[in-house]
Amino acid sequence: MKSKSQFVCQQCGAGYAKWMGQCSSCGAWNSLVEQVVQSESEKKSALSKGQASGKKLNYVKIATIVPSDAKARLATEFNDLNTVLGGGILMGSVCLLAGQPGMGKSTLLMQICATVAAGGHDVLYVSGEESAGQVKLRAVRLGAESERLSFAASTSANDIAKTIETGEFDLVIVDSIQTLMMDEISSAPGTVSQVTNCGNLIIRAAKSTDTAVVIVGHVTKDGTLAGPKVLEHLVDVVLNFEGDRYGGFKTLRAVKNRFGSTNEVAIFEMGEKGLSEVVNPSAALLAERTNTDGSIILATLEGNRPILVEIQALCTQSNFGYPKRTASGFDINRLNLLIAVLERRTKLRLSDKDIFINVVGGMKLNDSAADLAICMAIASAVAGRKLSDEYVVFGEVGLGGEIRSAFRADQRIAEAKKLGFSHAIGPATIHDKFVIPVKDLRNTLIKYVK
Ligand code: TYD
Ligand code: MG
């Protein structure tokens with residue numbers, strides 16, 4: 001039988017009969033790779049008969065099913081991480097830990113292994129990236145050595161699945177999916193077919209023996225899972241580990257969780273002895289602040305957690321015709337929009353200014369209520385005037401220059417009170433004595449930035 005080949009996009013998994021420069025499904029360039037497809041003639045013959053080839057489903061009354069939540073959860077030493085996971089790592093669940101290389105994924109997992117093993121569970125750490133010696137060094141550094149913690153170096157998904165199927169371990173770490181391969185598939189490790197098939201194999205093994213499995217996945221710089229995104233659909237939990245690779249805070253959040261909320265977030269810091277949770281991120285973020293022009297404290301939210309973070313703006317005269325706008329930790333398109341609003345709705349002239357925005361501490365803002373703080377920081381930097389350091393700021397800015405409401409205002413207010421601020425400048429829709437209500441951008445800037 002002649003084997004057919006297909007061109008499969010390594011980003012989204014779409015298949016094509018012919019090679020193309022760009023995947024018409026996801027728009028990625030140069031991502032199609034030729035792959036052999038197995039013969040479908042048997043499947044086709046079943047189809048042509050018009051009959052289903054399966055057997056009757058084995059259904060049960062929903063009232064009699066034991067909820068998977070009733071299963072044991074493996075608690076980690078990190079309280080916030082446990083909350084992110086919905087109470088710990090659920091037995092039989094498969095979790096994908098995604099993050100850029102060097103973010104601290106292996107470190108975090110080694111620390112988790114140590115606690116789970118110390119709690120009387122058998123844990124296996126499989127690495128396809130590092131040798132036993134390297135992992136041992138890290139384990140010693142982290143104080144993670146334990147009777148019940150085992151290590152294996154392997155890149156064979158078949159071997160790993162077989163080991164999981166023995167049921168000897170309660171928790172298995174697979175570091176990382178990009179290094180795994182199945183001999184049956186000829187394509188290189190990290191390609192769609194390798195990742196999907198290896199992932200499926202491991203997931204099936206985990207489910208059949210109720211073993212908790214955490215798979216590491218590296219992501220590229222733009223934040224997508226390197227190569228295949230396909231794995232996200234297969235696993236129960238997807239954890240994203242992001243932030244500053246060199247110092248600064250790292251946030252861990254669940255972008256998908258079949259057993260808990262996706263609103264929680266854990267904040268970590270890398271130290272001498274591995275990662276530790278930051279208990280009071282606002283205080284840490286504000287510790288080195290000096291109140292200069294262009295500096296505004298924003299009351300924002302990371303998931304469900306209120307955090308006070310400093311927004312810094314710097315404005316300089318443009319040397320070339322086209323002004324430069326850069327943002328670190330804030331969406332550049334949103335910044336350009338806010339600059340347009342500032343120009344049109346207030347009397348600020350920004351067309352000949354380079355504008356740089358920095359969110360201190362490596363935080364990445366994903367909060368529409370950050371608008372007002374960004375605008376005030378820019379205005380403050382341009383005018384060389386300050387906002388009183390008694391104030392925090394939050395609120396969305398509309399295209400008309402109007403200040404719009406922010407969600408979870410009470411949490412933002414509570415956090416600001418806790419850190420000793422006297423007032424918040426915020427949308428007029430909030431009725432709280434702590435909030436100085438503001439309605440439009442122009443008057444807010446005139447009144448408070450001085
Ligand atoms: P690592 O966990 O190997 O990252 P990943 O698995 O996500 O690629 O390590 C991340 C960085 O952390 C690495 O550059 C070394 C550093 N590190 C510390 O600063 N302290 C420590 O205790 C450890 C174990 C690592
Ligand atoms: Mg690693």
Side-chain angles (χ1 to χ4, degrees), residues 76-78 80-81 84-85 89 94-118 123-146 149-157 160 171-181 189-190 195 198-199 202 213-228 231-232 235 237-255 265-278 284 361-362 364:
T76 72
E77 68 181 289
F78 305 112
D80 293 337
L81 176 59
V84 169
L85 289 163
I89 305 171
V94 178
C95 171
L96 175 69
L97 177 64
Q100 282 183 42
M103 191 56 80
K105 300 180 293 297
S106 306
T107 308
L108 179 68
L109 289 174
M110 184 52 79
Q111 288 178 273
I112 292 174
C113 283
T115 347
V116 173
V123 183
L124 174 65
Y125 193 108
V126 185
S127 180
E129 298 187 342
E130 291 160 303
S131 67
Q134 281 174 296
V135 173
K136 166 84 176 180
L137 273 182
R138 183 186 290 128
V140 170
R141 174 125 73 104
L142 299 172
E145 285 171 295
S146 161
L149 176 56
S150 314
F151 172 81
S154 171
T155 55
S156 159
I160 296 171
L171 173 65
V172 176
I173 309 290
V174 181
D175 190 1
S176 65
I177 189 72
Q178 272 93 1
T179 59
L180 294 197
M181 61 183 300
V195 168
C198 294
I202 289 170
V213 173
V214 181
I215 303 173
V216 173
H218 294 294
V219 299
T220 54
K221 219 170 167 206
D222 61 2
T224 50
L225 274 171
L231 209 59
E232 280 195 16
V235 298
V237 181
V238 180
L239 296 177
N240 256 0
F241 203 18
E242 52 195 26
D244 206 340
R245 266 193 284 176
Y246 313 103
F249 288 167
K250 301 160 206 297
T251 54
L252 187 90
R253 67 174 82 240
V255 284
V265 55
I267 298 172
F268 291 95
E269 209 174 14
M270 182 70 86
E272 275 292 292
K273 292 226 169 298
L275 290 156
S276 53
E277 275 184 332
V278 183
K364 291 204 169 41

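The model shown is predicted, which means the values in this text are computed figures rather than measured ones. Scope of the values below: all heavy atoms of this structure, side chains included, with no hydrogens, waters or symmetry mates. We count ligands from 1, going down the list as the structure has it; atoms in each ligand are counted the same way.
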message = If I take atom CD1 from residue Ile267 and atom OG from residue Ser276, how far apart are they, to the nearest 0.5 angstrom?
response = 12.0 Å
key: Of all pairs that satisfy salt bridge (charged side-chain N to carboxylate O under 4.0 Å, His left out), the ones with a partner from residues 124-134, not counting sequence neighbours   = Glu130-Arg138
inquiry  = Is it the case that the side chain of Lys105 and the backbone of Gly99 share a donor-acceptor pair, with hydrogens and angles ignored and the cut-off at 3.5 Å?
reply    = yes
ask   = Hey, does Met270 have a side-chain heavy atom less than 4.5 Å from the side chain of Lys250?
value = yes
Every residue of the protein that comes under 4.0 Å of ligand 1, judged on heavy atoms = Gln100, Pro101, Gly102, Met103, Gly104, Lys105, Ser106, Thr107, Arg138, Arg141, Leu142, Met270, Gly271, Glu272, Lys273, Gly274
ask   = If only atom types and distance count, is the side chain of Gln111 paired as donor or acceptor with the main-chain N or O of Leu142 below 3.5 Å?
value = no
request  = Could you confirm whether Ser106 has any N/O/S atom lying under 2.8 Å from the Mg ion (ligand 2)?
outcome  = yes
remark   = Rounded to the nearest 0.5 Å, the CG atom of Leu275 sits from the CG atom of Leu108 at a distance of 5.5 Å
